[in-house]
Amino acid sequence: SVGRTHVLMEHMGSGFCDFQAKPIGICVRSSQWKLVYVMPPPAAPGKGFVRELYDLQNDPWEQKNLAGDGDPPSQTMELLQTARQRVRQIYEQNNLPWRD
């Protein structure tokens, strides 16, 4: 049987969900990688970015955050694309302007 290739988690912080004022955090985890993508709220400047990236094979305790060390490894592009697609889905469902 074929299992899932990744798990997706969403987070907007504590309190009410406010898509206009709060950033959206998406974590996508595979057996080897954990990627955390953040989209600032629509009123804030900037685009989505990778806040955390861990190689779980070589760093199972998530001690070395690889985000910001240049372009994410090619093996993580599918996870990044999954995170971006989910944020876009959330934006479309809530009639928010897309900017990533």
Side-chain angles (χ1 to χ4, degrees):
S1 75
V2 176
R4 292 185 275 187
T5 61
H6 61 272
V7 175
L8 183 92
M9 294 163 274
E10 303 171 11
H11 184 61
M12 289 189 74
S14 61
F16 295 103
C17 289
D18 185 346
F19 295 105
Q20 291 289 342
K22 294 173 91 175
I24 299 172
I26 303 289
C27 174
V28 187
R29 183 183 166 132
S30 68
S31 60
Q32 181 172 357
W33 297 96
K34 176 181 175 181
L35 181 141
V36 177
Y37 180 78
V38 176
M39 174 62 85
K47 296 184 176 190
F49 62 95
V50 176
R51 184 178 68 196
E52 296 177 46
L53 178 63
Y54 299 101
D55 179 344
L56 300 173
Q57 297 286 321
N58 296 311
D59 180 19
W61 298 105
E62 300 176 14
Q63 299 294 307
K64 181 166 175 29
N65 185 357
L66 301 173
D69 289 352
D71 291 332
S74 60
Q75 306 96 306
T76 65
M77 286 298 123
E78 184 178 339
L79 300 181
L80 179 56
Q81 187 62 26
T82 298
R84 286 181 171 156
Q85 285 174 348
R86 180 59 188 137
V87 171
R88 186 175 190 132
Q89 216 176 27
I90 291 168
Y91 268 52
E92 288 173 355
Q93 291 169 348
N94 291 279
N95 297 314
L96 300 171
W98 180 246
R99 63 170 195 249
D100 190 57

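Count residues from 1 along the sequence.
Shortest non-hydrogen contact noted between Trp33 and Pro73 is CH2-CG, 3.8 Å. Nearest heavy-atom pair, Phe19 versus Pro42, reported as atom, atom and distance to 0.1 Å: O-CD, 3.0 Å. Summarising the geometry of Ala67 relative to Asn65, their closest heavy-atom pair is N-OD1, 3.0 Å, with the distance given to 0.1 Å.
Side-chain contact between Tyr37 and Cys27: absent, with no pair of heavy atoms (C-beta onward) separated by less than 4.5 Å. Put simply, the side chain of Ile24 does not reach to within 4.5 Å of the side chain of Val38, judged on heavy atoms. Val50 has its side chain within reach of Leu80: a pair of non-hydrogen atoms, C-beta onward, lies under 4.5 Å apart.
For the atom pair Thr5 OG1 and Gln32 CD, the distance stands at 13.0 Å (nearest 0.5 Å). Put simply, CG on Leu56 and OG on Ser30 are 7.0 Å apart, with the number rounded to the nearest 0.5 Å. How far CD1 of Ile26 is from CE of Met12: 9.5 Å, rounded to the nearest 0.5 Å. Taking CE from Met39 and CD1 from Ile90, the interatomic distance works out to 10.0 Å, rounded to the nearest 0.5 Å. Between the CD atom of Gln57 and the CG atom of Asp59 there is a distance of 11.0 Å, given to the nearest 0.5 Å. The distance from atom CZ of Arg51 to atom CG of Leu35, rounded to the nearest 0.5 Å, is 11.0 Å.
Screening Gln85, Glu78, Met77 for a side chain to side chain contact (heavy atoms under 4.5 Å, CB included) involving Gln81 leaves a single residue, Gln85.
Not one N or O on the side chain of Asn94 forms a donor-acceptor pair closer than 3.5 Å with the backbone of Leu96.
With sequence neighbours left out, the side chain to side chain donor-acceptor pair (under 3.5 Å) criterion links Glu52 to Tyr54.
If you chain together hydrophobic residues whose side chains sit under 4.5 Å apart, Val87 and Leu8 fall into the same group.
Note on residues 26-43: pairs passing salt bridge (charged side-chain N to carboxylate O under 4.0 Å, His left out), not counting sequence neighbours, are Arg29-Glu62, Lys34-Glu62. Applying the salt bridge (charged side-chain N to carboxylate O under 4.0 Å, His left out) definition to pairs two or more places apart or across chains, those involving residues 8-27 are Glu10-Arg86.
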